[in-house]
Amino acid sequence: MSQIELTLPDGSIRTVARGTTGLEIAKSIAEGLARKALAVKLGDKILDLSYPLTTSGTFKIITPSNEDPDALYVLRHSCSHVLAEAICDLYPGTQLAYGPPVEKGFYYDLMTPVPLTQDDFEKIETRMKEIIKEDRPFTRINVSAEEGLARTAKDKYKKDNAERALAREGNDGTLSFYANGEPGKNWEDLCAGPHVPSTGKLKAFKVLSLAGAYWHGDQNSDQLTRVYGTCFADKDGLETYLKFLEEAEKRDHRKIGRDMDLYHIEDHSPGMVFWHPKGTVMVNALKDYVRSKIDRRGYKEVITPEIVDKSLWIKSGHADKYNENMFKTMAGDREMAVKPMNCPCHIQIFNQGLKSWRDLPLRLAEFGKCHRYEPAGTMHGLMRVRGFVQDDAHIFCTEDQIASEVADFCHLVKEMYNDFGFTEILVKFSTRPAKRVGDDASWDKAEAALESATKLAGLAYQLNPGEGAFYGPKLEFVLKDSLGRDWQCGTIQVDFNLPARLGAEYVGKDNQKHIPVMLHRAALGSIERFLGILIEEYVGDFPLWLSPVQVRVLALSEKYVDYAKTVQKKLINVGIRTELDETNEKVGYKIRQGEQNKIPYLLIVGEKEASEGKVSVRKRKEGDQGQKTVAEFIASIQNACRIG
RNA sequence: GCCAAAGUAGCUCAGCCGGUAGAGCAGCUGAUUUGUAAUCAGCCGGUCGUAGGUUCGAUUCCUAUCUUUGGCUCCA
């Protein structure tokens, strides 16, 4: 056991004495490598270069690279320490909480004696640069539990962190600190590490933004200041990222939505969408698309009331578990609520007339408009609103039918998302929340049913404990916006509770009454959110079938406006959404407008076209496609105009 | 709901220490009658988010409030 075996990335095995450090190994390979090295990775653990290695395993020396997540991880973690030192220097009395690397950078949560503002960033960055220039070593200090607790005694958050670290499984009764330089002299922080060898390794960083964050994510706990920053292996990496942020701003659905005149939201009804004519075309196109998918899968579309008496919400459990999220209204002296979900109404339809086992599975679909009183501060363009339309449906079925229904739905979601070019779909499995209806036995059953259905559908998922709906566990299909933020779109939820609460029954083969299971499901989720995602995904360059305007006819001069009008008429007659540009502008200007308005086809008509009954076709982003007769043009695009 | 910031013309933004606002683009009008990403000229356009307060006087200072943005919490 005095030797360990390290398997290098090229597959070769290196045998070294136990206790050899990563730095020594790097040196033995090449001096240059040792100079560049940031840390090492043994197995799946990243370790300091100076850490004595004691076990065999796969091994790599981590060097600066914008492509290596491990390199970025250490750089960013170290950078967060430099940020924290700079802030502690500039604002004495700052208390540290927690400063981890995250997907695109790092943050540090702290309690400052004065509120920070963006104007402080320059000062902070300047101080950080000084610390980096001094090239001080990150020095690890291992101490006993008692000593560690003593060191953090004065600091509320760090003391809490230390206690948690000691309580964590696998803790050996010691704590580690890292000093940005010399222990006892320079700034230090309770930290498990690892870090880069010295501050000088941090070549490219930027302080990005400020935010509030709760201590331990607990709403009732202290509100800390979170400072976000990012760090890359080099200036190029940083600049590429900053450029990406700029580009993402251009893709923002709120900007494109306004530029393309799709919708607006105003102060009179925060979080609710005014769909303009062009946006409405898209909403309707999406609904028709969904109809084309679900009709042939046996769904029956229904329409139910948006305002429902309180008594139904009491029965369903919403009045108890969902109350603060509902819009209430009075009708005379009757208390009513605007529906936040369609499920109770669908059960009311199910309850009309006696149902037999032969009726199951019964799939009731609705483009139901729901309203939820979301907390102020959570709204975000189309992505998070207070009034939205779901492509909702509820499947009433027997327990035996759950697995196949869920699996069918998963396939449907896959198919639909693929149609929009989303191939890698993140699936989250959310289990029972603290605030729920129903007994544990039915939750056990529901969760098990969903679990087995995911196997049947061959879905890999991420577990999301405690995040289910109050009536049942759910699968969530998550898409990302232009900044990579997660948004739950599709969902399916198994519910053993609501049908019973609202008295749903069917007569089984045994001539006895049974309570059906209900599956809540939405494929796109909310039309608003899904469209928001699509706008950012396509950057407004929608496929022809979804484009609010499909064709614009440009008359070369006033003389040809009449001919342009006849062309427009012919296209409109076959259902192609066609505009006319009859302004007195040069064709170059009109084309520029057309391209900027993201219109799929521009038809230019002048002397030649008018005399021959033709159009000059120009395709978005591709340019001149030559001349065609109107009939040829219609034939060439009609197929692509159809849904999907 | 919490923390921070912001709100000036349809859009993007200027406006230093308080003296009732400006540009570009868009829009409108006129001239031009145009061949594949910006023709020229003129004009219109704003209770400076809202309500109070301080002041001779507030877009500017103070307070409250609404909304938005970035996060946190929460959620489709």
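All values derive from a computational prediction rather than experimental measurement. To find a chain, count down the sequence lines: A is the first, B the second, and so on, and within it residues start at 1.
Secondary structure note: stems in RNA chain B built from 3 or more consecutive Watson-Crick or G-U wobble pairs under 3.5 Å occupy B:1-7 with B:66-72, B:10-13 with B:22-25, B:27-31 with B:39-43, B:49-53 with B:61-65.
Here, B:A51 and B:C56 have their P atoms 23 Å apart, quoted to the whole Å. The gap from the P atom of B:U47 to that of B:A38 amounts to 35 Å, rounded to the nearest Å. Nucleotides B:G15 and B:G70 are separated by 26 Å at their C1' atoms, to the nearest Å. Comparing the C1' positions of B:C13 and B:G7 gives an interatomic distance of 13 Å, to the nearest angstrom. Using P as the reference atom, B:G53 and B:C17 are 25 Å apart when rounded to the nearest Å. When the C1' atom is used for both B:G27 and B:G45, the distance is 9 Å, rounded to whole Å. Comparing the same atom, C1', in B:A26 and in B:G35 gives a spacing of 26 Å after rounding to whole Å. Across B:C48 and B:A6, the matching C1' atoms stand 14 Å from one another, rounded to whole Å.
Electrostatic pairing of A:D222 and A:K156 counts as a salt bridge here, judged by a charged N lying under 4.0 Å from a carboxylate O. A salt bridge does not link A:D481 to A:R251: none of the charged nitrogens lies less than 4.0 Å from a carboxylate oxygen. Under 4.0 Å is where a charged nitrogen must lie from a carboxylate oxygen, and between A:R592 and A:E595 no such pair does. Looking at A:R372 and A:E374, no side-chain N of the basic residue comes within less than 4.0 Å of a carboxylate O on the acidic one, giving no salt bridge.
Within residues 608-620 of chain A, the residues having any heavy atom under 4.0 Å from RNA chain B are, by residue number, A:K608, A:E609, A:S616, A:R618. Residues from residues 481-498 of chain A lying near RNA chain B, meaning a heavy-atom separation below 4.0 Å, are A:R485, A:Q488, A:C489 in numerical order. In the region residues 591-601 of chain A, proximity to RNA chain B at under 4.0 angstrom, judged on heavy atoms, holds for A:I591, A:R592, A:E595.
At B:A26, one or more side-chain N or O atoms of A:Y589 fall inside 4.0 Å of OP1 or OP2 (strictly under the cut-off). For B:U73, neither phosphate oxygen OP1 nor OP2 lies less than 4.0 angstrom from any side-chain nitrogen or oxygen of A:H216. A sub-4.0 Å separation between OP1 or OP2 of B:G35 and a side-chain N or O of A:K590 is absent. The side chain of A:K586 contributes no N or O atom lying less than 4.0 Å from OP1 or OP2 of B:A37.
At the heavy-atom level, A:R529 lies under 4.0 Å from base atoms of the strands shown. At the heavy-atom level, A:E266 lies nowhere under 4.0 Å from the strands shown. As judged by a 4.0 angstrom heavy-atom cut-off over every strand, A:Y228 is placed among residues touching the sugar-phosphate backbone only.
Side-chain contact annotation: A:D320 with A:W313, donor-acceptor N/O pair under 3.5 Å absent. Using modelled atom types and a 3.5 Å distance limit, the side chains of A:E558 and A:N584 yield a donor-acceptor pair. Residues A:K339 and A:T304 have side chains that bring a donor and an acceptor to within less than 3.5 angstrom of each other.
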Checklist outcome for this item: Readout for nucleotides 1-12 of chain B: B = base within 4.0 Å of protein heavy atom, S = sugar-phosphate only, - = neither; 5' to 3' it is BBB-S-----SS

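Between A:Y471 and A:H318, the ring-plane angle classifies as tilted under the 30° and 60° cut-offs. Ring planes of A:F422 and A:F420: tilted class, angle from 30 to 60°. The aromatic rings of A:Y417 and A:F530 lie tilted to each other, with the angle between the two planes from 30° to 60°. A tilted orientation is assigned to the rings of A:F470 and A:Y322, their planes being inclined by 30° to 60°.
When each of B:C75, B:G70, B:U36 is scored by its nearest atom to the side-chain atoms of A:I604, the top-ranked nucleotide is B:U36. Comparing B:A76, B:U39, B:U68 by their closest approach to the side chain of A:M379 singles out B:U68. Checking B:A76, B:U33, B:A26 against every side-chain atom of A:S526, the shortest atom distance belongs to B:A76.
B:C16 adopts an anti glycosidic conformation, its chi angle falling more than 90° from 0.
Between the side chain of A:R372 and the base of B:C74, no donor-acceptor pair under 3.5 Å is found.
For the pair A:H264 NE2 and B:G49 P, the interatomic distance rounds to 19 Å; values are reported in whole Å.
For the pair A:F388 and B:A76, the ring geometry qualifies as stacking, because the centroid separation is below 5.5 Å while the planes lie within an angle under 30°.
Residue pairs meeting the side chain to side chain donor-acceptor pair (under 3.5 Å) criterion with at least one member in residues 521-535 of chain A, sequence neighbours excluded, are A:Y299-A:R521.
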